[in-house]
Amino acid sequence: MVAPPVGRADDQTQSHPTAPVSRPDRAARPGPLVSAAVAIVVAATLIPLGYVAWAAVSIGWTKAYHLVVRPRVGELLFNTVALVVITVPLCVVIGVGVAWLVERTDLAGRAFWRPLFVAPLAVPAFVNSYAWVGVIPSLHGLWAGVVVSTLSYFPFMYLPVAATLRRLDPAIEESARALGSNSAGVFFRVVLPQLRLAILGGGLLIGVHLLAEYGAFAMVRFDTFTVAIFQQFQVTFDGAAGSMLAGVLVLLCLALLVAEALARGRARFSRVGSGAPRAATPIRLGRKVITGQVALAALAVLALGVPVWTLLRWLWIGGADVWVFDDIVTALGQTIGLATVAAVLTTVLAFPVAWVAVRSSGLLARAVEGANYVTSSLPGIVTALALVTVTIHLAPPLYQSITLIVFAYVLLFMPRALVNVRAGLAQVPPSLEEASRSLGSSPAATFLRVTLRLTAPATAAGASLVFVAVATELTATLLLAPTGTSTLSMRFWSLSSELDYAAAAPYALVLVVLAVPVTLVLFRQSTKVAAL
Amino acid sequence: MTVATLEVNGIAKSFNGHTVLHDIDLSLQPGTTTAVVGASGCGKTTLLRLIAGFESPDAGTISIDGRQVASPQRAVAPHRRGVGYVAQDGALFPHLTVGQNIAYGLRGTARDEVRARVAELLETVALDPSYAARRPHELSGGQQQRVALARALARHPVLMLLDEPFSALDTGLRASTRKAVAGLLATAGVTTLLVTHDQEEALSIADQVAVMRDGRFTQVGTPQQVYRQPTDRFTAEFLGDCISLPCTVASGIAECALGRVPVQAADGPATLVLRPEQLVATVVSDSEHLDGVGTVIATEFLGHDVLLTIDPAGEAAPLIVRQHSFNPPPIDAKVRIEVVGAGIVLT
């Protein structure tokens with residue numbers, strides 16, 4: 001699954017050094033039309049939370065208590081918490097270590113390694129899991145989950161940390177050296193503290209993915225909450241047991257958010273002083289350079305080599321027989337259709353929301369921030385369950401309709417579009433729009449000629465991120481897709497569930513190929529300071 | 001009398017309960033340049049934004065060229081006001097070339113005409129026509145500012161609004177760009193309203209200077225009037241260094257520690273305010289004992305000028321005298337201080 005490198009826009013771009021600070025007293029007042037649109041979008045994003053609360057109330061205290069306090073829930077809780085507690089620190093060590101080796105030392109092949117460690121993002125976690133099962137068929141349980149998810153998600157840590165390392169002012173480290181710190185001292189006392197926001201942002205994103213992932217863990221028979229809810233749903237949909245599990249899962253997500261917010265505290269780092277930062281002088285590794293190169297190569301083999309090799313092996317074994325072109329073309333067509341509609345709709349809806357968040361202050365802007373922050377951490381399974389329940393009770397014709405699944409995608413991936421559109425809007429100084437107005441352009445013409453044109457790169461990046469997220473989405477798609485739908489990920493999943501690994505391989509390959517360009521976009525974004 | 005190009009009457013504006021502008025009146029005669037000068041946060045930029053139409057006033061009216069464009073009830077949209085606006089950083093569109101930036105406001109004009117007009121405007125702001133193909137980021141700060149000016153001039157505005165247009169430039173560049181822009185606007189005959197926090201800039205460029213403090217004008221007048229005859233202490237001190245001395249006024253002459261200085265004020269005890277450049281210190285021999293003799297206790301060399309701190313005889317506080325730095329009196333020298341010109345008396 002591909003997602004933006006950092007969960008919140010403010011970590012990512014608002015530190016752009018030349019971006020003018022908008023005056024608080026200049027905050028614009030959104031018109032009634034924009035306000036209403038934004039309010040509806042925000043309200044819609046709260047449906048999943050509302051569903052969980054409603055379920056808890058309607059089930060009743062005693063029954064809910066019995067559904068939550070039982071050995072099965074304890075086991076799931078242990079699995080899920082252990083997964084997060086082991087995987088996130090592992091990703092921190094690997095992500096920060098790799099970023100530091102690549103960005104700050106004299107290791108050879110920087111230009112080669114840089115994009116290589118972003119590439120795992122092009123391989124959906126469930127495809128990675130399938131690859132590992134192909135190599136070690138007996139792989140299962142907690143450690144299997146840890147291995148697969150660490151190798152799938154460490155780029156979420158690597159990407160923001162590497163971007164921050166590149167932006168750090170070397171003069172600060174030089175000052176630390178002049179004050180008597182050695183290399184290690186500089187790293188732990190000066191560099192690492194400045195990476196804190198990037199590490200926390202990446203850690204939150206990884207944690208959210210761990211809580212939400214279904215396919216990767218189901219494949220290695222490792223039961224987390226999401227896996228259990230899914231199985232429960234297949235037995236009795238709209239059941240009380242599933243709803244209560246979802247409730248516990250939501251509490252875990254909120255706990256993750258609170259933990260990250262507490263760890264972040266009020267920290268805001270910005271470079272003091274002016275002038276363009278120089279590039280840092282690479283640290284000479286000396287003889288350790290070989291150890292470094294070997295470590296990077298080993299990680300590359302594990303994270304990329306294994307999936308690529310397994311895919312190619314299955315394709316080789318399957319030969320020409322697995323390429324059932326009619327099925328593949330149908331699945332590709334449906335996937336592209338759904339993903340395009342969802343991407344366009346999500347991005348269009350993200351515009352007024354982003355505008356309110358960036359340009360206005362007040363209750364609506366704070367509601368947007370808060371709702372976006374919470375919903376970006378909600379697993380797809382909760383959203384899917386909520387929509388199933390709501391439609392069954394309130395609008396039965398919508399159940400299992402294209403409208404509903406597109407709506408689910410919009411809810412699920414709105415934060416991704418929003419992060420990008422917001423970042424783009426934040427880089428359009430209001431003074432440019434004012435200049436356009438004073439040169440005789442109407443507000444609408446100004447929006448088209450200046451605002452939209454300048455946010456186009458960020459908007460396109462946001463839309464393509466949503467596109468790939470939808471194309472590789474599995475959990476909500478399995479739950480909500482109308483009968484007869486067969487997207488790439490659905491076909492892959494049903495074939496690999498039947499243990500027909502060779503027949504599943506072409507679908508995995510197409511999924512990866514679809515995701516590669518967007519992964520490149522992500523990489524570009526993180527290497528460029530200003531997206532213009 | 002001709003119709004004022006800009007007529008601001010009783011404008012008030014507040015944000016979130018905090019009043020930024022109180023009852024502002026201002027009138028700009030055609031073809032003149034007016035500078036609003038004040039410390040940052042005094043409300044001068046808000047005044048400019050109200051005139052440009054980016055904000056609307058809570059009270060009062062704004063008329064441009066005889067047409068009312070803003071009142072609390074009705075506001076003409078910024079793009080229909082016919083004013084030129086140059087922001088602090090120039091606000092050039094980064095996605096357009098210099099030529100396209102200048103042509104931005106010329107929609108609906110034939111292509112040949114646009115090209116000719118762009119070339120003409122580039123020439124007006126003393127840039128080579130080849131600059132039209134460049135991108136804003138390939139220009140220096142001063143060039144960007146001139147392009148922004150050309151862009152604003154393209155639509156023949158009746159009123160040009162400049163928001164701290166030179167503050168982003170280096171000191172040297174600032175003076176030369178200022179001179180160039182002032183000359184150019186004068187040639188074009190465009191009525192200009194400039195907002196700045198730089199006193200020297202305001203005094204040098206404008207025909208009329210309005211000094212602003214906490215959302216009110218303390219004084220509006222010619223540069224000479226506001227500098228030489230400030231009506232209150234804030235205006236006096238904001239526009240330059242002041243020397244204040246207790247004095248007694250009798251029939252147009254103020255008696256103070258430095259002797260007799262002509263003033264225009266009622267009789268009685270008062271405070272005399274002088275500019276440091278009105279004082280001249282000359283070295284005297286030890287034997288002379290006259291009025292206005294003091295001892296130099298510190299000198300500060302500033303290049304072309306020198307600042308002398310002089311301890312006058314008696315109880316008075318030390319005085320600062322600014323004079324040319326050639327052969328200044330040394331420390332401990334006895335100097336006589338003479339006053340050039342008239343002083344002012346503030347209560």
Side-chain angles (χ1 to χ4, degrees), chain A residues 13 16-29 31 274-276 359-366 423-460 528-532, chain B residues 13-20 40-41 43 45-46 48-49 51-56 76-96 100-109 135-137 147-148 150-157 159-161 163 168:
Chain A
T13 48
H16 180 44
T18 58
V21 181
S22 64
R23 299 190 181 188
D25 63 10
R26 277 201 202 173
R29 291 155 298 273
S274 58
R359 291 291 172 79
S360 72
S361 58
L363 200 62
L364 192 59
R366 283 203 294 276
L425 266 183
Q427 287 187 347
V428 181
S431 64
L432 289 185
E433 288 166 12
E434 288 168 4
S436 165
R437 295 296 303 283
S438 76
L439 292 169
S441 281
S442 67
T446 298
F447 180 77
L448 290 177
R449 293 178 73 188
V450 178
T451 319
L452 197 60
R453 174 59 190 78
L454 285 173
T455 45
T459 307
K528 249 191 302 190
V529 179
L532 194 74
Chain B
K13 179 71 181 169
S14 57
F15 293 106
N16 307 324
H18 173 70
T19 309
V20 180
S40 59
T45 295
T46 303
L48 211 61
R49 295 172 57 78
I51 298 167
F54 305 136
E55 311 277 356
S56 45
V76 174
H79 61 284
R80 301 208 180 91
R81 291 198 178 188
V83 298
Y85 180 78
V86 177
Q88 223 174 88
D89 54 358
L92 296 184
F93 302 119
H95 59 296
L96 301 178
Q100 288 167 329
N101 260 288
I102 296 175
Y104 188 92
L106 299 175
R107 275 200 142 180
T109 315
R135 291 268 171 180
H137 66 87
V147 172
R151 185 177 70 176
L153 282 172
R155 287 163 50 82
H156 298 293
L159 174 65
M160 181 67 82
L161 304 172
D163 184 5

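Sequence lines set the chain letters: A, B, ... in the order given, protein chains first and strands last, and positions in each chain run from 1.
In this structure, chain B has heavy atoms under 4.5 Å from both the backbone and the side chain of A:Arg437. For chain A, no part of B:Leu106 is nearby; none of its heavy atoms comes within less than 4.5 Å. Heavy atoms closer than 4.5 Å to chain A are found in both the backbone and the side chain of B:Ala77. In this structure, chain A has no heavy atom under 4.5 Å from any part of B:Arg81.
Separating the CZ atom in B:Phe54 from the OG atom in A:Ser431 is a distance of 9.5 Å, to the nearest 0.5 Å. Rounding to the nearest 0.5 Å places CG of A:Leu454 at 8.0 Å from CG of B:Leu96. Atoms CZ and OG, from B:Arg151 and A:Ser436 in turn, are 8.5 Å apart once rounded to the nearest 0.5 Å.
With respect to chain B, the highest number of heavy-atom pairs below 4.5 Å among A:Ala435, A:Gly440, A:Ser438 belongs to A:Gly440.
The closest side-chain heavy-atom distance from A:Arg449 to B:Tyr104 is below 4.5 Å.
B:Arg135 CZ: more than 12 foreign heavy atoms inside a 6.0 Å radius.
Nearest heavy-atom pair, A:Leu432 versus B:Pro94, reported as atom, atom and distance to 0.1 Å: CD1-CD, 3.6 Å.
Applying the side-chain contact (heavy atoms from CB on, under 4.5 Å) test between A:Leu439 and each of B:His79, B:Arg107, B:Arg155 identifies B:Arg155 as the sole match.
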